[in-house]
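First comes the structure, then the notes that go with it.
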Amino acid sequence: MTATISSQDKARPHFDIAVIGAGVNGAGIARDAALRGLKTVVIEQNDVCSGTSAWSSRLIHGGLRYLEYAEIPLVYESLHERRTLRTIAPHLVQPLRINIPIYAGAKRPPWMIRLGMLSYDLLSLGKKMPGHEMLGAAAFIEQEPGVRKEGLRAAARYFDAQVTFAERLVLENLLAAAAAGADVRLYERVAAIDIANGLAGAIETTDTLTGDRRSLSASVIVNAAGPWVDEVLGVATADIPRLIGGTKGSHIIVGRFDGAPRDAFYIEAEADGRPFFVIPWNGLYLIGTTDIRYTGSPADARASREEMDYLISETNRVFPSAGLTVDDVHYTYAGIRPLPYQEKGPESAITRKHIIEVHSDVARNLVSIIGGKLTTYRHLAEQAVDRAGKILGRRLPECRTGDTPLPGGWGLEEARDALRQIPALSTEGVDRLLSIYGGRSREIADIALDGMPDALDERGRVLEAEVAFAIRHEFARTLADIVHRRLMIGLAADQGRLLYDRVADIAAGEAGWDEERRGDELEALRRYSDFLKPEAGQGLSAGV
Ligand SMILES: Cc1cc2nc3c(=O)[nH]c(=O)nc-3n(C[C@H](O)[C@H](O)[C@H](O)COP(=O)(O)OP(=O)(O)OC[C@H]3O[C@@H](n4cnc5c(N)ncnc54)[C@H](O)[C@@H]3O)c2cc1C
């Protein structure tokens, strides 16, 4: 049956598809829908990529671990998508070599790891990444001298990929959606969804910065609110049983330590046999994750002292000269995996496959997304838009997201040439801009050369023009948006704190903020950054 909703109220804009949530899944669905000609709106209560998508391990991976649970189609899909993302976003998605040290007494002996590796290679056939290698203990120690030697039996090495700035991947999907005509509404929370006669229609929203109320309607509504999926359904109806059973995963971020590895490590924890990662990332090390059932508000999730201790002691065990303590942790973050609700059983055994659920019993045009990974968002989006086409009763054009580069995914060499014209920008700065904005950094060069030529920092790595670009062309509304999800300086060891005042000055000039607003923005930014510090105690939800 097809949906026949149309706008009953002429003052209320009507869309073919409304996507709730601008995490990786919502932004991906909006891009796909807009590229296929659907009149699209995407509604996000906060900034783009301010939920789970930012708090992940940032791997674009086949999910070696899913082989243990025989999720072969998921591994195959992930490996396929890994290749696609390398093609459409070469500036953001980079190959990553990963080591698996195998110690005596480990839950997974060498033969099992080898079998996993062979299967991974087989499923990766034609995917352009080198195959795995098995190394004896001595050969491996030569490559990674900081690793614990006692009990080391062998090691496996393989390739996956990494998206250092997941925030930018999500943003670029949103920018592509907007370029294809989508209406992007950030800082607008879905507060009510009207359901009548088996169809969802009117959506009421609240502007979370001003408190203004707005309304719109859509023929298909896609609830891509990640760990908030049940909360969004709750504003529509009480008739849908719980869908999400979130588990919390935490990471710690530390600097280079004694014996730190050259490549990433995938390690079996001694305490509970769970695998976790130590990943060279953004000039630092990203260590995680944990997997703990969670029932609180996703916005309040933070790494507990126990989780930090667990990750630190397991890292120190494998890199004995590291001697890490909580004092070495620059900051932490925690996210809630939007996994399907399952009352019992181990967290790690909950399927990582995504589910696209049409709520036909309640409203046949209301769709929820459950699960999904950064890695597979593009394919999920394709499937979700195909489903939307069926609900609309329309034959949609073919999906183009797999072979259309993301906005920064082309023109990199021209952009490099343009950036080299900026005297204040160091060589390191040129590389930094390209790794964040890709080919779009050409537009930043234009702003710089048109009257904003200075760098923000002494090393000439960050340009003032980036702040203007974030506000003019990247939907940034707050200082935290600019620092943490546009310029990416918020992910540095000091969270970019030395630059906050200068960024605030430029943003105030650009956005027309008065002194009071500038001060409020700085305070909110510091509160945001503090929330990620291990010693901070306050929840974030009070501030956003
Ligand atoms: C610890 C951890 C590690 C992970 N590691 C990896 C990895 O290495 N590789 C990988 O591929 N995947 C990984 N994942 C999985 C992946 O990050 C997530 O599954 C994915 O990001 C979910 O994206 P999403 O868009 O569904 O949700 P989110 O990113 O949470 O987006 C949902 C959005 O909906 C918005 N929203 C909520 N309610 C409303 C409302 N009422 N109105 C408007 N907007 C609303 C939220 O503000 C939020 O921005 C990891 C996950 C975790 C937690």
Side-chain angles (χ1 to χ4, degrees), residues 18-30 41-63 65-66 74 77-78 81-82 85 93 96 160-163 166-167 169-170 173-174 185-193 203-208 222-236 244 246-251 264 276-277 279 281 286 288-292 294 297-299 301 303 307 332-339 347 352-354 368-378 380-381 384 485 541 544:
V19 183
I20 302 170
V24 76
N25 288 326
I29 293 167
V41 59
V42 52
I43 310 160
E44 164 59 52
Q45 64 179 353
N46 209 312
D47 188 23
V48 60
C49 198
S50 51
T52 310
S53 303
W55 310 134
S56 72
S57 304
R58 301 163 186 266
L59 296 175
I60 299 300
H61 63 146
R65 197 162 138 233
Y66 311 142
L74 175 60
E77 176 194 28
S78 304
E81 288 302 308
R82 186 182 73 183
L85 292 181
V93 180
L96 180 76
D160 252 323
Q162 176 180 44
V163 55
E167 295 82 352
L169 178 69
V170 181
N173 274 276
L174 200 66
R185 301 185 177 197
L186 301 182
Y187 289 100
E188 208 167 312
R189 175 177 296 134
V190 170
I193 301 173
I203 300 176
E204 305 295 329
T205 68
T206 308
D207 188 312
T208 51
V222 181
N223 172 9
W228 290 267
V229 156
D230 288 317
E231 205 178 294
V232 167
L233 289 174
V235 304
I244 303 287
T247 71
K248 179 170 72 149
S250 295
H251 289 84
F276 73 101
F277 288 100
I279 309 171
W281 168 78
L286 180 64
T289 172
T290 52
D291 202 355
I292 301 167
Y294 183 83
S297 162
E307 288 174 287
T332 67
Y333 62 70
I336 306 304
R337 297 178 183 84
L339 302 177
E347 289 82 346
R352 262 51 176 176
K353 267 193 307 244
H354 60 251
S368 289
I369 306 296
I370 302 145
K373 306 195 301 155
L374 279 179
T375 311
T376 46
Y377 84 88
R378 193 212 59 82
L380 179 154
R485 289 175 294 272
S541 50
V544 274

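Read the numbers this way: they start at 1 and go in the same order the structure lists the ligands and their atoms.
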Only heavy atoms of Ser57, strictly under 4.0 Å: list the atoms of ligand 1 that pass. 3 (C), 4 (C), 5 (N), 6 (C), 8 (O)
Whether the side chain of Arg378 engages the backbone of Leu374 through a donor-acceptor N/O pair (distance < 3.5 Å, no angle test) should be reported. no
Atom 31 (O) of ligand 1: closest protein heavy atom, distance to 0.1 Å, is Gly23 CA, 3.4 Å
Hey, are the side chains of Val24 and Leu380 touching, using non-hydrogen atoms and a 4.5 Å cut-off? no
Can any side-chain N or O of Asn223 pair as donor or acceptor with the backbone N or O of Val229 at less than 3.5 Å? yes
Among all protein heavy atoms in this structure, tell me which lies nearest to atom 12 (N) of ligand 1, with the distance rounded to 0.1 Å. Leu374 N, 3.3 Å
With heavy-atom distances below 4.5 Å as the criterion, would you say the side chains of Val19 and Val41 are in contact? no
For ligand 1, is there an N or O atom under 3.5 Å from any N or O atom of Val24? yes
Donor-acceptor check, side chain of Thr52 to backbone of Ile336, threshold 3.5 angstrom: yes or no? yes
For ligand 1, indicate whether the residue Tyr377 contacts it via side chain, backbone, both or neither (heavy-atom separation under 4.0 Å). neither
Checking side-chain polar atoms at under 3.5 Å, does Thr332 have a donor or acceptor matched by the opposite partner on His251? no
Would you call the rings of Tyr333 and Trp281 parallel, tilted or perpendicular if under 30° counts as parallel and over 60° as perpendicular? perpendicular
Distance under 4.0 Å to a non-hydrogen atom of Trp228: what atoms of ligand 1 satisfy this? 30 (O), 37 (C), 38 (N), 46 (C), 48 (C)
Quick one: does Thr375 get an N or O within less than 3.5 Å of an N or O on ligand 1? yes
Measure Ala27 to ligand 1 on non-hydrogen atoms and call it side chain, backbone, both or neither using the 4.0 Å cut-off. neither
Taking atom 42 (N) of ligand 1 as the reference point, the nearest protein heavy atom with its distance: Val190 N, 3.0 Å
Can a donor-acceptor pair be found, under 3.5 Å and without considering hydrogens, that links the side chain of Thr376 to the backbone of Gly372? no
Please indicate whether any nitrogen or oxygen in Gly335 is less than 3.5 Å from any nitrogen or oxygen in ligand 1. no
Does Asp291 offer a backbone N or O that forms a donor-acceptor pair with the side chain of Thr247 under 3.5 Å? no
Within the 4.0 Å heavy-atom cut-off, what Lys248 brings close to ligand 1 is neither
Taking only residues at least two apart or on different chains, which pairs with a member in residues 44-55 satisfy salt bridge (charged side-chain N to carboxylate O under 4.0 Å, His left out)? Asp47-Arg485, Asp47-Arg486
Heavy-atom nearest neighbour of atom 44 (N) of ligand 1 within options His61, Gln45, Glu188, Arg58: Gln45
Write out the residue and atom name of the closest protein heavy atom to atom 49 (O) of ligand 1, then the distance separating them to 0.1 Å. Glu44 OE1, 2.7 Å
So do the side chains of Ile193 and Val232 get within less than 4.5 Å of each other, counting heavy atoms only? yes
Nearest neighbour of atom 24 (P) of ligand 1 from the list Asp230, Val48, Asn25, on a heavy-atom basis: Asn25
Atom 21 (O) of ligand 1: nearest protein contact (heavy atom, Å): Ser53 OG, 2.9 Å
Could you check which of Arg337, Arg82, Gln162 puts a non-hydrogen atom nearest to atom 51 (C) of ligand 1? Arg337
Which segment of Val232 sits under 4.0 Å of ligand 1 when only heavy atoms are counted: side chain
Which residues satisfy the side chain to side chain contact (heavy atoms under 4.5 Å, CB included) test with Ala192, sequence neighbours excluded? Glu204
Going by distance only, is there an N or O of Asp47 that falls short of 3.5 Å from an N or O of ligand 1? no
Counting from 1 in the order shown, the ligand 1 atoms closer than 4.0 Å to a non-hydrogen atom of Gly51 are 29 (O), 30 (O), 49 (O)
Ser56, Gly372, Ala225, Gly26: member with heavy atom nearest to atom 18 (C) of ligand 1: Gly372
When you measure from the heavy atoms of His251 to every atom of ligand 1, does any distance fall below 4.0 Å? yes
Please list, in number order, the atoms of ligand 1 under 4.0 Å from a heavy atom of Ile43. 43 (C), 44 (N)
Atom indices of ligand 1, in the order listed, that fall short of 4.0 Å to a heavy atom of Trp55: 1 (C), 2 (C)
Give a yes or no answer on whether the side chain of Thr208 reaches the backbone of Tyr187 with a donor-acceptor pair at less than 3.5 Å. yes
Does Ser250 offer a backbone N or O that forms a donor-acceptor pair with the side chain of Thr289 under 3.5 Å? yes
Where ligand 1 meets Gly226 - atom numbers and elements under 4.0 angstrom, heavy-atom basis: 26 (O), 27 (O), 32 (C)
Between the main-chain N or O of Gly62 and the side-chain N or O of Asp160, is there a donor-acceptor pair closer than 3.5 Å? yes
Check: Glu81 and His61 side chains under 4.5 Å, non-hydrogen atoms: no
Using a strict 4.0 Å cut-off to heavy atoms of Gly249, name the atoms of ligand 1 that fall inside it. 1 (C)
Quick one: does ligand 1 sit under 4.0 Å from the side chain of Thr52, the backbone, both or neither, non-hydrogen atoms only? both
For Pro227, the atoms of ligand 1 under 4.0 Å from one of its heavy atoms are 30 (O)
For ligand 1, which is the ligand I care about here, please tell me if Leu59 has any N or O atom under 3.5 Å from one of the ligand's N or O atoms. yes
